[in-house]
Amino acid sequence: MAKLIALLNIIAWSGFWAFGYLALSSGDGGGQTVIAIVLAALGGAAGLWAYFWLIRHSEATGYAKPRNRAVRTEEEEIA
């Protein structure tokens, strides 16, 4: 499953950059520009989702070291 999500991550970011470039480089604000913007936004959203999923998965499986997170104690919660 992780390899499938990683493949989705690569394809989504490629779509984001490709359609984002097409949206920015098109001269007029016609229908093609709107479609390119929508496809770039979908690629960016799918890329972010896949990237964050891969981060959580790698921390859960022990491949990557978990981030340092502050843990509250009972004494801190009372004060």
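For the numbers below, each heavy atom of this structure counts, side chains included, while hydrogens, waters and symmetry mates do not.
In this structure, OG in S26 is found 7.0 Å from CD1 in I37, a value given to the nearest 0.5 Å.
The aromatic rings of W53 and H57 lie parallel to each other, with less than 30° between the two planes, well short of the 60° mark.
Both L54 and M1 sit in one connected hydrophobic cluster of ILVMFWY residues. Membership requires side-chain heavy atoms under 4.5 Å apart, directly or through other members. Both W13 and I55 are members of a single hydrophobic cluster when ILVMFWY side chains are connected at heavy-atom separations under 4.5 Å. The cluster map of Ile, Leu, Val, Met, Phe, Trp and Tyr, joined by side-chain heavy atoms under 4.5 Å apart, puts F16 and F52 in the same cluster.
Among the candidates N9, I11, I5, the single residue satisfying the side chain to side chain contact (heavy atoms under 4.5 Å, CB included) test with L7 is I11.
A 6.0 Å sphere centred on CD of Q32 holds no more than 12 heavy atoms belonging to other residues, nucleotides or ligands.
The side-chain heavy atoms of F19 and L22, taken from C-beta on, include a pair separated by under 4.5 Å.
Although no hydrogens or angles enter the test, the distance criterion places a donor-acceptor pair under 3.5 Å between the side chain of T33 and the main chain of D28.
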